[in-house]
Structure formats: C-alpha cells, structure tokens
Amino acid sequence: MSEVLFMKGNEALAEAAIRAGLDAYFGYPITPQSEILEYLTAQIPKRGGVVLQAESEVAAINMIYGAAGAGSRVMTTTSSPGFSLMQEGISYIASAQLPCLLANVVRGGPGLGTIQPSQGDYFQATKGGGHGDYYMIVLAPSTVQEMADFVYLGFDLADKYRTPVMILADGALGQGMEKVTFPDYDPAARKIAKPWATTGKTPDRERNVITSLYLQPEKMEELNLVLQKKYNTIRQNEILWEEYLTDDAEVLFTAFGLAARIVRKTIQLAREKGIKAGLFRPKTVWPFPYKCLNELAHQVDLIQDIELNAGQMVEDVRLGVEGATPVFFHGRMGGMIPTPEEVLEKMEANLATVRGRNGRPKEDVR
Amino acid sequence: MTEETIIAGFGGQGVLSMGMLLAYGGVIENQEVSWMPSYGPEMRGGTANCIVINGDEPISSPIVSRFDSVVAFNQPSLDKFEAAVKPGGLLLYEEEAILNPPTRTDITIIAVPAAKAAIELKNQKVTNLVMLGAFLKAKGIIKPQTAVKALYKVLPERHHKLIPLNEKALKRGAELVRGEITAN
C-alpha cells in the first residue's frame, strides 16, 4: 500500500487515472471539475500520455470515440451542462462498443444552473441519456477514496465489456479534500488485448471496422440483441452496494454519493435518540441493486430516500421495494444540500405517520 | 473525538489555507480528516468558508450545519455562524473586524487581535496564522508543531522562506489567548 495522501476528489480521480495507465485524456474545463484537466495537464507531460483541451465537450467526446476505437485507454470528465453536450457521442460509443471512462462531477441544474453540488443527473446517467437502447455502467463514489478506486474499476469494467463506464460524482466530492491511498495496480498486466481496435490492417486478417451505422434494420436489431445480452450479463455480475448498520435496522435510508455521507451523520443522530436506522447505498446505480434492497425492505418499517434532486433514484428504490414497505422521499435541489438534522426531522415525521400513535400498524399503511 | 470547525471570512483572508493547515495537520497526526470549501461565487469576491472535520473515526458527512468551533474573520461570517455553534462550543473571532460582538452566553467566546498582531510582525497576510495559533491554544485539535509541518505541505516551495514568519505568527496567536480561557 502506498502512502496516505490528502487530496481533492478531482485530483484523486486524475491521479488514479494516470496510475491506471491512462493513454489519452480529452476534455473541456467546467466548474466544479476543472482541477482534473489542470492536474493532468501538469502531470501527463512528465509521466507520458496525451492530454488535450478540446474546443468543446462535443469535440472531446468524439476524440474519445476515435482514440477508444484505436484501442487506447481513454477518459473524459465534465460537469452537467458539458455532459449533456456529450450525449450524442456517448450513444455512438455505446453502439460501437468502445471502452472508455467518463466522469460527470454534477452541479445544480437544469440549464446552465449553478456550480454547487447536485445529484440531478441521475436519470440522464442511469436511463440512457442519449438516444437508443443503451446503458452505461454507472459508479457512484461517496468518498474521495472512491473517486480514486472507481477509476481503476471503471477502466477494467469498460475493457471487460467493451462499454462506456461513467463515474457519477458531484461538486462536493470533487472539491472537498480527504485522505486517499492508491492501490498497487499494474496497467500493463491489467490492460487486455483489443483485437477489434483499428490499429492498422495486417495481411492475416480482415480490416476492423468501427461504426454505429447499420442501414438494414435486421443488422441493427442484431446489434441491439448483442448489446442487450451484454447488459444482462452486467446486471448479473457487476452489482455493488454498501450496507451500514442494517442488521438491526427498523428504518432504512437509501442514498448514493454525497447524500449517503449526510445520511451517515443522520443515522448517528437517530441512534443517539434510540431509533435503529441503517443505510443502503448503491455503489453501482446502473445496474441498480434491486434484489438486495428488496430483501432489506421486508425487515424495516419504512424507507427514507434522500437525494440532492427532486426524486430520481427513488424510482429505482420503489421498483426494488415492490411495495414491501412505505417509501418516502426528501431532497434538495439546485445546489442546496440537506443537513443531517433536516433529514432526521423528515424521517421522524414519516416514521410517526407509519407507526401511528400506538405502536406500529405497519400493515395498514402499506 | 470529532471536531467540526468552520472557518469563515472574506475571500483573500486566508480562511481556506487556515483550514487546510488544520486538515493537513490532522493527516500528519494520523487523524481522519475532511476539508470542504465553499467554492461558489463567494470565493470570487465575497465571503468564503471551509468546514474542517478532525476525528478518530471515518468522517460521516463532510458537510454539517452545527459546529464545535466557529472561527470568524469578518462581521458577515460572525452574524451567519454565531447561531451555528453547538452549546458549550467555541466562537473565536478577529477582534478588529467585528463591530457587533457576539451575544451568546452558552458558548466560549474569544476575541483575537490577530490583524494588529500581524501588522506588528510586518506582514498582514499572516493574520490567518495568528488566528490558527490562537485557535490551537484554545482547542488542541493538532499540536502547534504539527501546524508548522503542515506549512511545508500547504505552501508552494517558492514560499517556504516565509515559514519562519508564519511560525512566529502561530506563536503570537497562542500568546494572545490568555491562560484562564479554556474551551471545551
């Protein structure tokens, strides 16, 4: 294990990318993630690789398309408005089955919005975002350490499934500093062969073609079936989540990323008051851990979902819970952040409703 | 132990750096630490602040709304955060910047003439280090020597020649907190 460093989440992500064997980075600066481009611009010339500030996010994502097609380990990062600009390119990349790592350090929206932390891009990240039937593997870090860890994981998953992988962070995780250690990771040993890459035709094989255009619908459906099969394999194999104090929990919070950190504090406050609260935190928000959540839902009186948006992941929570217990939502928008005390108050009010005045007539409210 | 501190003032007064020294100091002393800046429009010419949490267990939320200590460098920050000090907590402020002093009676209040002390040291920019010295005297979250070590991490190398001056400012700050005032 290497030494303990103290870094911003953005810097930790950038440093991890270099250590994970990043070949090329293309990006366009936007708050609150410009430190990534800044860090890489300072480091890459000394440590090898390409770092390029594109003329726009649209250009950056198409550079990613090209460099990924040529077999390079590539990454771009941006924040919400920039990520919207990239959607067309991401759809092409998913269709052409190219591995790459994308990060959205989300800020408050919609529109040009604000530069403060938000989770308002959950739908865009997990339900497609661009056109057509595709998904990305979406990793949602909750600490600066995970901002680094998910880079390695993201690159490996991208290569394994030939698919874009994204890190869904937020402004606070990007700007805040915490301790971080970088694992031993040998990129040379981890990078896998890419026989499909357009690296120049050799006499012993047909030329490699990377495209997302198939004019015959039969061919296009065939590609879609390949993609869907791949997504099902990912759903079966790559779900990650964390549980915190769920063993004896009567109240379950669901939250991802920064919201999950706030909830951890709420849980401490709740337990000081004798309320047995726990946390279910998806680390992959696509694929979403529906089944594991459903198992927990049966043991608790209610689920309180907390997000920095108007209620997006809560739709997946409800799909997972399947009515097994009441699900409540509380969120703040536009860059505002709920306090642990505010979250506790909301949950307690809902708990009082669910339990009624005497005891807990849980069945009545379901 | 978990110490939740907010340091607030105008952009340019060194509140983010003061927080960073407290945070890096925590790392050097093997604590769990988080440093969360306000990075919004306020840092472009308004109030700036950072929340620093030092603890011996992993930090739950890096963003909190009630604090064991508030360090205020100007009146708007004091007005905004006085009510956010936990009962029994500490409010430490730069004396000259405050026209309307705090009124709470359930917390420890310390006024530090840090700007004046910095001028005596012939560099106004070390006001934040005087404040840090005073804060560490009142709340021993990290050792003063650790703060000096942290300076080597936080200051770019070209400014390392200023470290002896910063060290003096830290010491001066500690002297400004009279012995009988002990915070919780």
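Given the structure is predicted, the values throughout are model-derived calculations rather than measurements. Protein chains get the first letters and strands the later ones, always in sequence-line order, with residue 1 at the start of each.
Taking every heavy atom of both residues into account, A:Phe6 and B:Trp35 meet most closely at CZ-CB, 3.9 Å. Taking each heavy atom of B:Pro37 and A:Gly176 in turn, the nearest pair found is CD-CA, 4.0 Å.
For B:Glu4, the part lying near chain A is the side chain, with the backbone staying farther off; criterion is any non-hydrogen pair under 4.5 Å. Only the side chain of A:Leu258 comes within contact range of chain B, with heavy atoms under 4.5 Å apart. Residue contact with chain B, scored on non-hydrogen atoms closer than 4.5 Å, involves the side chain of A:Ile337 exclusively. A:Glu341 touches chain B through its side chain: at least one heavy atom from C-beta onward sits under 4.5 Å away, while N, CA, C and O do not.
For B:Lys161, the NZ atom sits in a packed shell: over 12 heavy atoms of surrounding residues, nucleotides or ligands are nearer than 6.0 Å. Other residues, nucleotides and ligands contribute only 12 or fewer heavy atoms inside 6.0 Å of the CD atom of B:Gln124. Within 6.0 Å of atom CD in A:Glu345, 12 or fewer heavy atoms from other residues, nucleotides or ligands are found, so the atom counts as exposed in its surroundings. Atom NZ of B:Lys86 has more than 12 neighbouring heavy atoms from other residues, nucleotides or ligands inside a 6.0 Å radius.
Interatomic distance, NZ of A:Lys179 versus OG of B:Ser34, reported as 11.5 Å (0.5 Å rounding).
Ranking A:Glu178, A:Met177, A:Arg264 against chain B, the residue ahead of the rest is A:Met177, based on heavy-atom pairs under 4.5 Å. Per-residue counts of heavy-atom pairs under 4.5 Å with chain B were compared for A:Ala260, A:Ser142, A:Gly335, A:Ala172; the largest is that of A:Ala172.
Contacts between residues 52-64 of chain B and chain A, counted as heavy-atom pairs separated by less than 4.5 Å, involve B:Ile59, B:Ser60, B:Ser61, B:Pro62, B:Ile63, B:Val64. Within residues 147-155 of chain B, no residue approaches chain A closer than 4.5 Å by heavy atoms.
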